[in-house]
K.L.:
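Structure below; questions to follow.
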Protein chains: 2
Amino acid sequence: MYKINFDRFFTYSFSSDCVIFGYKDGQINMLSVNRDVEPFKGKWAIPGDLVYPDEDLLDSAKRILFELTNLTDIDLHQAETFGNPNRHPQGRVITCAYFALLRIDDFHIQAASWAKEVKWIPIHELPEMAFDHNLILNSTYSLLKQKLAIEPVCFDMLPEKFTLSEMQRLYEYAFDTEMDKANFRKKIKSIPLISHSEKQKNVKHRPASLFSFDEITYEKLVAENHYSFKMY
Amino acid sequence: MYKINFDRFFTYSFSSDCVIFGYKDGQINMLSVNRDVEPFKGKWAIPGDLVYPDEDLLDSAKRILFELTNLTDIDLHQAETFGNPNRHPQGRVITCAYFALLRIDDFHIQAASWAKEVKWIPIHELPEMAFDHNLILNSTYSLLKQKLAIEPVCFDMLPEKFTLSEMQRLYEYAFDTEMDKANFRKKIKSIPLISHSEKQKNVKHRPASLFSFDEITYEKLVAENHYSFKMY
DNA sequence: ATTACTTATTGTTAAATTGACAATAATTCC
DNA sequence: GGAATTATTGTCAATTTAACAATAAGTAAT
């Protein structure tokens, strides 16, 4: 075991793919790149790149995210690793998927040299992508949904200040189910939220109150074992 | 992106590690190998091996499992992938962890050429292991616990015919909490179980009824959306 | 055979949560 | 001012949970 023969294994290569999710207009989108190079030139793809020789996997995913968004300090979550020997037409490339959750309106997409185009595409409207990227997206989205149920990651996709209805719509979308407004509010009343005096603007109906996630209190409660997030 | 230069990346190697969990005497054990080769000779480790050039990741984990147990047709679950550039003293080895759940008494451990000794060790008694294997174990065990809450994988570790108290003790161990017997029985009454007329033997108290998991009915219920396993 | 001991199994009841739905509030638009 | 729209709060029955009591079926000791 672990008798490494680099000659024998030289055809390996390792990449990371960064599935970047964002929420807008009631839909979850993925930041998609249109490939400017073969193979799969012209096809949409999940942004990814080979891992550098001395680079940690997570750092590699962070680098990809940074190149497209200029953002640092974003939480990245490891998803599934894909290693089918035939998944890459040019050799053996094993790829580890990560996902990030962003507020779409908080930044501008960066141009990337290796892409013809970069844009947000609603995940349910994505066409057949390059490589096994549809597989990767589906697997990663499943993990996202799992995480939405047990960790407060929804707030990474919602605006800094959001209404409870916006939060509810995100969960309704992700869990593909309609929820009762009153009951939703009861369910989330134990989540530590900061209530702002400020109200929603430019809506043609009663404006809703704005809330923020109270991360400080949340971390404290969790550390003291007084609380566990759950939305199932 | 994806302009592969194999020369530049030739130092990569890829392995899979197979965390094999088994339940015995009220504890979850890991099938551990004592390394007979450097590095970390003499240290306990998670069984693992390099992935063959044309081998799928999952197949590689299955091969490791088979070498130690002679078992095939065991469900393997992918866990975290570890790729810290310094995790292996002899080069860059990225490893993908899988885990399997076994009935300890249903098979015999096989000798393995690359190990001095192979044995079950209760996970809470494992010493400092080779490489980053304590890290891998902890991460994988967390994922197991997560899965125990939402999928009927506990039955892969319990005997084919088990008592409800045995099942309860497994959950109490995994979730590190005591549960009320009566309430536990109420909670699991929706899980499709086959009740056997046979009873527990050789106990010095009232013998409990034996049950089996009714996988056929479970799969049917899930397919028809009539049921979803949950144990939180 | 009787009794003590141990764990299995079922039942009871109050408390908490959930689900369905009703009522009221605060805006804009006309 | 009234209609339309969404926000917010309240009600109540049904369901689930939690704590605990009661009974059952074995073994072991007397």
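Sequence lines set the chain letters: A, B, ... in the order given, protein chains first and strands last, and positions in each chain run from 1.
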K.L.:
Quick test of your reading: applying salt bridge (charged side-chain N to carboxylate O under 4.0 Å, His left out), list the pairs with at least one residue in residues 172-183 of chain B, sequence neighbours left out, ordered by first then second residue.
P.N.:
none
K.L.:
With a 3.5 Å distance limit and no angle check, can you tell me whether Q78(A) reaches the backbone of E80(B) through a side-chain donor-acceptor pair?
P.N.:
no
K.L.:
Which nucleotide of DNA chain D is the first, and which the last, in the 5' to 3' direction, to come under 4.0 Å of a heavy atom belonging to chain B?
P.N.:
dA18(D) to dT27(D)
K.L.:
Output side-chain donor-acceptor pairs under 3.5 Å for residues 195-209 of chain A, partner residues at least two apart or in another chain, one line each.
P.N.:
unit_1  : atom_1 : unit_2  : atom_2 : d
H196(A) : NE2    : S212(A) : OG     : 2.6
E198(A) : OE1    : K161(A) : NZ     : 2.8
Q200(A) : OE1    : A208(A) : N      : 2.9

K.L.:
How would you list all residue pairs meeting salt bridge (charged side-chain N to carboxylate O under 4.0 Å, His left out) that involve residues 58-73 of chain A, not counting sequence neighbours?
P.N.:
D49(A)-R63(A), E55(A)-R63(A), R63(A)-E67(A)
K.L.:
Do any side-chain atoms of residues 140-159 of chain B form donor-acceptor pairs under 3.5 angstrom with protein atoms, and if so which ones, sequence neighbours left out?
P.N.:
unit_1  : atom_1 : unit_2  : atom_2 : d
T140(B) : OG1    : I136(B) : O      : 2.7
S142(B) : OG     : N138(B) : O      : 3.2

K.L.:
Return all side-chain donor-acceptor pairs below 3.5 angstrom for residues 215-228 of chain A, not counting sequence neighbours, or 'none' if the list is empty.
P.N.:
unit_1  : atom_1 : unit_2  : atom_2 : d
T217(A) : OG1    : D214(A) : OD1    : 3.1
T217(A) : OG1    : D214(A) : OD2    : 2.6

K.L.:
Can you pull out the residues from residues 176-195 of chain A that lie within a 4.0 Å heavy-atom distance of DNA chain C?
P.N.:
D180(A), A182(A), N183(A), K186(A)
K.L.:
With the threshold set at under 4.0 Å for non-hydrogen atoms, list the residues of residues 159-175 of chain A touching DNA chain C in residue-number order.
P.N.:
none
K.L.:
Kindly state whether the ring of Y173(B) and the ring of H124(B) have centres lying under 6.0 angstrom apart.
P.N.:
yes
K.L.:
Heavy-atom nearest nucleotide on DNA chain D for K230(B) versus F211(A): which residue maps closer to 5'?
P.N.:
F211(A)
K.L.:
Indicate every side-chain donor-acceptor pair of residues 184-193 of chain B with a distance under 3.5 Å to a residue at least two apart or in another chain.
P.N.:
unit_1  : atom_1 : unit_2  : atom_2 : d
K186(B) : NZ     : N183(B) : OD1    : 3.4
K187(B) : NZ     : Y232(B) : O      : 3.3
K189(B) : NZ     : K186(B) : O      : 3.3

K.L.:
Within the side chain of T95(B), is there an N or O that forms a donor-acceptor pair under 3.5 Å with the backbone of S15(B)?
P.N.:
yes
K.L.:
Under the salt bridge (charged side-chain N to carboxylate O under 4.0 Å, His left out) rule, what pairs show up with a residue in residues 115-144 of chain A, not counting sequence neighbours?
P.N.:
R87(A)-D132(A)
K.L.:
How would nucleotides 24-30 of chain C be written as a contact map, 5' to 3', with B for base contact, S for sugar-phosphate-only contact and - for no contact, using protein heavy atoms under 4.0 Å?
P.N.:
-BBBS--
K.L.:
In chain order, what residues pass the side chain to side chain donor-acceptor pair (under 3.5 Å) check against D25(B), with sequence neighbours excluded?
P.N.:
none
K.L.:
Hey, does L57(B) have a side-chain heavy atom less than 4.5 Å from the side chain of F82(A)?
P.N.:
no
